Amino acid sequence: MAKIITKTNLAPAVYEFVVDAPLVAHKCHPGQFVIIRTDEYSERIPLTIADFDREKGYITLIVQAVGNTTKHLCDTFNEGDDILDVVGPLGHPSEMGKFGTVVVVGGGIGVAPVYPIARAYHELGNKVISIIGARDKDLVIWQDKMAAISDELILTTDNGSAGRKGFVTDPLREMLEAGEKVDLVLAIGPVIMMKNVAATTKPFGVKTTASLNTIMVDGTGMCGGCRVMVGGENKFACVDGPEFDAHEVDFANLVMRQQMYKDQEALEYSCGGHCKCVEE
Amino acid sequence: MRNAMPEQPADVRNKNFQEVALGYTKEMAVDEAQRCLNCPKPRCVGSCPVNIDIPKFIHEVAQENFAEAYKILKQKSTLPAVCGRVCPQENQCEGKCVLGIKGEPVAIGRLERFVADYAREHGLDNDVEAPAERKGKKVAVVGSGPSGLTCAGDLAKMGYDVTMYEALHAAGGVLMYGIPQFRLPKEIVQHEISALKKLGVKIVVDAVIGRTFTIKELMEEEGFSAVYVGTGAGLPHFMQIDGENLNGVYSANEFLTRVNLMKAYEFPNYATPVYVGKKAAIVGAGNVAMDAARTAKRLGAEQVYIVYRRSEEEMPARKEEIGHAKEEGIELRLLNNPVAILGDEKGWVNGLKCIKMELGEADASGRRSPVAIAGSEYVLDVDMVVMAIGQGPNPLIKQTTPDLEVNKRGNIVADEAGATSIAGVFAGGDIVTGAATVISAMGAGKKAAAAIDEYLSK
Ligand SMILES: Cc1cc2nc3c(=O)[nH]c(=O)nc-3n(C[C@H](O)[C@H](O)[C@H](O)COP(=O)(O)OP(=O)(O)OC[C@H]3O[C@@H](n4cnc5c(N)ncnc54)[C@H](O)[C@@H]3O)c2cc1C
Ligand SMILES: Cc1cc2nc3c(=O)[nH]c(=O)nc-3n(C[C@H](O)[C@H](O)[C@H](O)COP(=O)(O)OP(=O)(O)OC[C@H]3O[C@@H](n4cnc5c(N)ncnc54)[C@H](O)[C@@H]3O)c2cc1C
Ligand code: SF4
Ligand code: SF4
Ligand code: FES
Ligand SMILES: [Mg+2]
């Protein structure tokens, strides 16, 4: 049981939840995630730990309402409510070290999981160049927080409503073509974005990491539902990842597997049918 | 004649998730108990992994002293309602019953189940004996499967302050997430768990040891004097053949977890989805495979195949489960080995390519090993495949406990009593033996509880 301390609307259908989860807050590191179950009827869904406060025992989750469980959480859970289960921290923490120049790329709400990792890179003395992108200016989140821990921040929007018009890969490609020495690229966001980032950096031989959002159930390596091909080998994203060498990931298979429950997801009631949030 | 078990008719039960076997009535139980010869040197007892005093408890059943019978069971088994249902009795207690030599063995498992159910329904298991003394020492139990439950219960009765950590949101291990409701109702498992709570065992769910705490932290920071690791064999194996990452391919663990633990059979009332094809192939022939096959059938698959590379004789599942599966319309495709899973352009399974096998010479273990028949490949028309070919140990504890010795397969190395390479850390159940049985996992938990007591009393 984890109590919601604060709930903030960051962008349309995007909420920030600060949650009281001392066991997780005590142990987590950037790059790790939790699995939550909102209530007895809920599925188990993974959410990245976007920030944490060890002293207070709080973790921050940024949730985008994309389907039934996330909508149920965003629409019906408020300050003071309890999330029934929060388990973690899960997955390997991001690899940390002094690499030199690191480009972190966050697409959409991918900015949230990027943030604690970028902050840690920054604290370790790396030069951090952040590229954050969204479809529209209204969907940009945490720009200030990112700016505070970046040596350079580039914002892109698909429609040009803020920052430069285009995709996150545009400034990245220019940077690499201009011969800027980049030691590591980290990309978190929609699969298609991570795939394009990997394609952009590959010709330059720049080490690139992506955090994969496979479908998960237990998050402990027990079900194998999160399996993904990396370098021709099957890996379990929950225990072997979630970060992998982006040049080795079979993104096409990942996209395909994310579609497995498309039919059922369209059917599902937001609350499993147990609250009044979607009276037809 | 052995008393038959009343059951739901096959063509009714293969559409619902209620328990298949309905249990003996009192009359049936007494009648069956009277068949026991009360052998002076009973062969059955030595073949029960926890050496239940079988003739003694059966004698009490025959006398209708069910409370006394229950007490005798509980001396050796913490979970008789579970073991009576799921033990492979034909290889254990009943396999050696003297009556089985010429006729049918006494239905020991069914009697055990009857007594445990009777005790639960009549509140005979309510009085919790308070421990004789408080030891003032804390023990952590990692994993809440049958092994962890048994160890925790025994230690609590001895007066230890026990905390059990479980990675999932519900305690019970395979009893909750793996074995289906129609074979082992979850209410029974939860009843046993609530009994542990009454004994004072603290159960912390949503705690992944290795991540939320390491074993070292449990001992050095959380104040536990000893730790029992009963984390099971939860890592699903795949065949490493083409097409295993297509949509519509499951590990048995995932399929069963979605259905049992997450209750996908009540989707969308419960929000977790599960995919079920029209024609399903389940690869493997153990209990896990039978459970997956019968679950797929219940969820509406019209045709369900068990694909197994050996013959029926070698199938490792309990005899009763194989019989039940066949009655429910599951088709056995024996001496068939999958070589690839085929898919359509959208990435969904549309066939399982198999090769036919024949039994060759017996190997060292006496089992005749299957050999592929060249050129016999064909495609089985299916749109769902479940891999139920075994599970290994989850590597998380090993990865985060550097000094803990494991063998080549990754199983924790422990002696008879459960002691591992680290002082104060004990282990047992599937994490030590590899995937085995409920009763052997319980037995290991029991032995380890005694060893932990000895270790902490020094
Ligand atoms: C390691 C990891 C970290 C994540 N971090 C965040 C985060 O910080 N914030 C955030 O908003 N989202 C995050 N996600 C994605 C989030 O888990 C999914 O959006 C959510 O599960 C969708 O569930 P739904 O019922 O609302 O939508 P649905 O309509 O059921 O699903 C929408 C899509 O989400 C994916 N999905 C469905 N079920 C699951 C599941 N059980 N596990 C994973 N993906 C699923 C599928 O691709 C599906 O098509 C993360 C995913 C992973 C794997
Ligand atoms: C589908 C299926 C059907 C079966 N049918 C039968 C049968 O009919 N008869 C029979 O005798 N046996 C059967 N078995 C085998 C039997 O269930 C197992 O041998 C037995 O459950 C092993 O018990 P255990 O306590 O060692 O581990 P488990 O029951 O596997 O429990 C281990 C627990 O530890 C938890 N865990 C793992 N890692 C961690 C961690 N790092 N931190 C915290 N918790 C952790 C797991 O989540 C799990 O709850 C079956 C198994 C399956 C999968
Ligand atoms: S515990 Fe299992 S093996 Fe032992 S007597 Fe009972 S059913 Fe038989
Ligand atoms: S061997 Fe059979 S007949 Fe003899 S005591 Fe055991 S159950 Fe009874
Ligand atoms: S989510 Fe089940 S193994 Fe990764
Ligand atoms: Mg969903």
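Not measured: the values here are computed from a predicted model. By convention in this document, chain letters (A, B, ...) are assigned in the order of the sequence lines, proteins followed by strands, and residues within each chain are numbered from 1.
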Heavy-atom closest pair (B:E244 atom, B:M239 atom, distance to 0.1 Å) is OE2-N, 2.6 Å
Applying a strict 4.5 Å limit to non-hydrogen atoms, the region of B:L396 in contact with chain A is neither
Honestly, the part of B:N245 sitting under 4.5 Å from a heavy atom of chain A is both
Check your understanding: Does the side chain of B:I241 come within less than 4.5 Å of B:I341's, by heavy atoms?
Key -> yes
| task | Examine A:H72 together with A:F77 and report whether their ring centres are nearer than 6.0 Å. | result | yes
Any heavy-atom pair between the side chains of B:F17 and B:R298 that's under 4.5 Å? yes
- Query: Any side-chain heavy-atom pair from B:L184 and B:L175 closer than 4.5 angstrom?
  - Reply: yes
Cut-off 4.5 Å, heavy atoms of chain A, and the answer for B:F213 is both
So, the part of B:T214 with a heavy atom under 4.5 Å from chain A: the answer is both
Assert top hit (heavy-atom pairs under 4.5 Å, partner chain B, pool A:G225, A:P89, A:G224) equals A:P89
Cut-off 4.5 Å, heavy atoms of chain B, and the answer for A:L254 is neither
Applying a strict 4.5 Å limit to non-hydrogen atoms, the region of A:N253 in contact with chain B is side chain
Review point. Counting only N and O atoms by type, is there a donor-acceptor contact under 3.5 Å from the side chain of A:N9 to the main-chain atoms of A:V14?
Key: yes
Honestly, the part of B:A233 sitting under 4.5 Å from a heavy atom of chain A is neither
ask   = Heavy atoms, side chains only, cut-off 4.5 Å: are A:C223 and A:V217 in contact?
value = yes
Bottom line for A:H29: the part with an atom under 4.5 Å from chain B's heavy atoms is neither
Under 4.5 Å to a heavy atom of chain B? For A:V239 that would be backbone
- Check whether any side-chain heavy atom of A:T209 sits under 4.5 Å from a side-chain heavy atom of A:F244, and report yes or no. no
Bottom line for A:R257: the part with an atom under 4.5 Å from chain B's heavy atoms is both
Okay, B:E217 and chain A: the region with an atom under 4.5 Å from a heavy atom over there is side chain
The reported gap from CD in A:E16 to CG in A:L61 (rounded to nearest 0.5 angstrom) is 9.5 Å
When the 4.5 angstrom heavy-atom criterion is applied to A:L90 and chain B, the contacting part is both
Of A:R227, A:H26, A:E40, the largest count of non-hydrogen pairs under 4.5 angstrom with chain B goes to A:R227
- Is it true that a side-chain atom of A:D81 and a backbone atom of A:N78 form a donor plus acceptor pair closer than 3.5 Å? yes
So, the part of B:V249 with a heavy atom under 4.5 Å from chain A: the answer is both
Cut-off 4.5 Å, heavy atoms of chain B, and the answer for A:Q32 is side chain
Can you label the angle between the B:Y250 ring and the B:F255 ring as parallel, tilted or perpendicular, going by 30° and 60°? tilted
Item to complete: Give a yes/no verdict on a cation-pi contact between B:K138 and B:F224, requiring under 6.0 Å between NZ or CZ and the six-membered ring centre and an angle within 45° of the axis.
Response: yes
Honestly, the part of A:V86 sitting under 4.5 Å from a heavy atom of chain B is backbone
Chain A shares the most heavy-atom pairs under 4.5 Å, among B:V208, B:T212, B:L246, B:L168, with B:T212
Bottom line for B:K263: the part with an atom under 4.5 Å from chain A's heavy atoms is neither
